[in-house]
J.: 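This structure is in structure tokens; I'll ask about it shortly.
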Amino acid sequence: ADFRHAPFRYDGGCVYFHAALMKSILITGCSSGIGYATAKQLQQLGWRVFASCRQPADVARLQAEGLECLLLDVTDSAHIAAALAHIEAASGGTLDALFCNAGYGQTGAVEDIPRPALREQYETNVFGAWECIVAAMRLFRRQGHGRVLVNSSILGFAAMPWRGAY
């Protein structure tokens, strides 16, 4: 079999992967929506997907669906460190991409959203993504390559009523 030009080949009902060419990605926020759909699609395309969710029930559900899924709450530094350590051990020290998808918006008039709620949102959407990027960059620099993708929302470009906190 010639695996030089593709991470996998299909042969009569079997898929053969070439580990050296298979791309790998860590995706945060995979319990639903864009993270979930991206994890499933990339897995179908032959990527080694390290999906992640912050709720153990969601991790178990994705694992039952055949995804390699980790417990990762991006607001918890210990979770981030453990996830990257797991990926390094499981992959032989390689990761090709990080997709920072975990995040949320909250509805309400600007004057009705208390400061602690806004801080919590920033912990997930900004500081959590930042810390994941910093952790992945250590690995990317060691291996000499890596790509970071950060998901956002249309609300970064267009204002909408009751979404001022975003």
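These figures come from a predicted structure and were not determined experimentally.
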J.: Taking atom types as modelled and ignoring hydrogens, do the side chains of Y36 and Q41 form a donor-acceptor contact shorter than 3.5 angstrom?
T.: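 Side chains of Y36 and Q41: no pair found under 3.5 Å.
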J.: How close do A136 and L98 get, heavy atom to heavy atom, and via which atoms?
T.: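 The answer is CB-CD2, 3.8 Å.
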J.: Of the non-hydrogen atoms in I113 and A165, which two are nearest, and what is the gap between them?
T.: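 Minimum heavy-atom contact is CD1-CB, 3.4 Å.
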J.: Out of curiosity, F157 CZ to S152 OG, how far, rounded to the nearest 0.5 Å?
T.: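 The OG atom of S152 is 6.5 Å from CZ of F157, to the nearest 0.5 Å.
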J.: Over 60° means perpendicular and under 30° means parallel, so tell me whether H86 and F50 are parallel, tilted or perpendicular.
T.: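 Rings of H86 and F50: perpendicular, as their planes differ by over 60°.
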J.: Supply the atom-to-atom distance L118 CG to E123 CD, rounded to the nearest 0.5 angstrom.
T.: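 Going from CG on L118 over to CD on E123, the span is 11.0 Å.
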J.: Write down the atom of C69, the atom of V59, and the distance for their closest heavy-atom approach.
T.: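 Closest approach of C69 to V59, heavy atoms only: O-CG1, 3.6 Å.
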J.: Determine whether more than 12 heavy atoms belonging to other residues, nucleotides or ligands lie under 6.0 Å from atom CD1 of I34.
T.: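 No.
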J.: Quick one: hydrophobic cluster around V110, which other residues, with the 4.5 Å side-chain cut-off, linked directly or via members?
T.: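 When side chains under 4.5 Å apart are linked, V110 ends up in no cluster with other residues.
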J.: Could you work out, with side chain to side chain donor-acceptor pair (under 3.5 Å) as the rule, every residue matching T107, not counting sequence neighbours?
T.: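 Here no residue qualifies.
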J.: Check side chain to side chain donor-acceptor pair (under 3.5 Å) between R142 and all other residues, then give those that pass, not counting sequence neighbours.
T.: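 Per chain and number, R142 pairs via side chain to side chain donor-acceptor pair (under 3.5 Å) with E88.
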J.: Would you please name every residue forming a side-chain contact (heavy atoms from CB on, under 4.5 Å) with V148, sequence neighbours left out?
T.: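 V148 satisfies side-chain contact (heavy atoms from CB on, under 4.5 Å) with I133, M137, F140, V150 once adjacent residues are dropped.
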J.: Are any of the side-chain heavy atoms of C100 and L149 separated by less than 4.5 Å?
T.: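 Result no, sub-4.5 Å side-chain heavy-atom pair not found.
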J.: Can you list, by chain and residue number, the hydrophobic cluster partners of Y104 when the side-chain cut-off is 4.5 Å?
T.: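 Members alongside Y104: none; it stands by itself.
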J.: Does Q63 have more than 12 heavy atoms from other residues, nucleotides or ligands lying within 6.0 Å of its CD?
T.: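 Yes, enclosed.
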J.: Report yes or no: does N101 contribute a side-chain atom to a donor-acceptor pair with the main-chain N or O of G29 at less than 3.5 Å?
T.: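 Yes; judged by distance alone, with no hydrogens or angles, the pair exists.
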J.: Side-chain heavy atoms nearer than 4.5 Å, only ILVMFWY residues, links allowed to pass through others: does that put L70 and L84 together?
T.: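 Yes, it is one cluster - the side chains of L70 and L84 are joined through contacts under 4.5 Å.
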J.: How many angstroms lie between atom CG of L71 and atom OG of S52, to the nearest 0.5 angstrom?
T.: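 Taking CG in L71 and OG in S52, the distance rounds to 9.0 Å.
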J.: Do you know which two heavy atoms are closest between C132 and V74, and how far apart they sit?
T.: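 Minimum heavy-atom contact is SG-CG1, 3.8 Å.
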J.: Between atom CH2 of W47 and atom OG1 of T38, what is the distance when rounded to the nearest 0.5 Å?
T.: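 Answer for the CH2-OG1 pair, W47 versus T38, is 11.0 Å.
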J.: How far does CG of L26 sit from OG of S91, to the nearest 0.5 angstrom?
T.: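 Going from the CG atom of L26 to the OG atom of S91 covers 10.5 Å.
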J.: First locate atom CD1 of I87, then atom CG of L139, and finally report the distance between them rounded to the nearest 0.5 Å.
T.: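 The distance works out to 8.5 Å.
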J.: Under the salt bridge (charged side-chain N to carboxylate O under 4.0 Å, His left out) test, which residues partner R48, sequence neighbours left out?
T.: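 Checked R48 against salt bridge (charged side-chain N to carboxylate O under 4.0 Å, His left out); matches are E68.
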J.: Please, which pairs that meet side chain to side chain donor-acceptor pair (under 3.5 Å) have at least one residue in residues 53-62, sequence neighbours excluded?
T.: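 Counting only pairs at least two positions apart or across chains, the side chain to side chain donor-acceptor pair (under 3.5 Å) contacts touching residues 53-62 are D58-R61.
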J.: Tell me every residue that passes side-chain contact (heavy atoms from CB on, under 4.5 Å) with D76, counting only those two or more places apart in sequence or in another chain.
T.: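 Listed in chain order: D73, A78, H79.
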J.: Sequence neighbours left out, what passes side chain to side chain donor-acceptor pair (under 3.5 Å) with D96? Give chain and number order.
T.: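 Residues passing side chain to side chain donor-acceptor pair (under 3.5 Å) with D96: S24, H145.
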J.: Could you pull out all residues at least two apart from A109 that satisfy side-chain contact (heavy atoms from CB on, under 4.5 Å)?
T.: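 Checked A109 against side-chain contact (heavy atoms from CB on, under 4.5 Å); matches are E111, D112, W162.
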J.: So, using side-chain contact (heavy atoms from CB on, under 4.5 Å) as the criterion, who are the partners of M160 when residues are at least two apart?
T.: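 For M160, the residues satisfying side-chain contact (heavy atoms from CB on, under 4.5 Å) (neighbours in sequence not counted) are L155, R163.
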J.: Output yes when a side-chain donor or acceptor of Q43 lies under 3.5 Å from a complementary backbone atom of V49, and no otherwise.
T.: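 Between the backbone of V49 and the side chain of Q43 there is no qualifying donor-acceptor contact (under 3.5 Å).
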J.: Run the side chain to side chain donor-acceptor pair (under 3.5 Å) test against Q106 and tell me which residues pass, sequence neighbours left out.
T.: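 Q106 satisfies side chain to side chain donor-acceptor pair (under 3.5 Å) with Q121 only.
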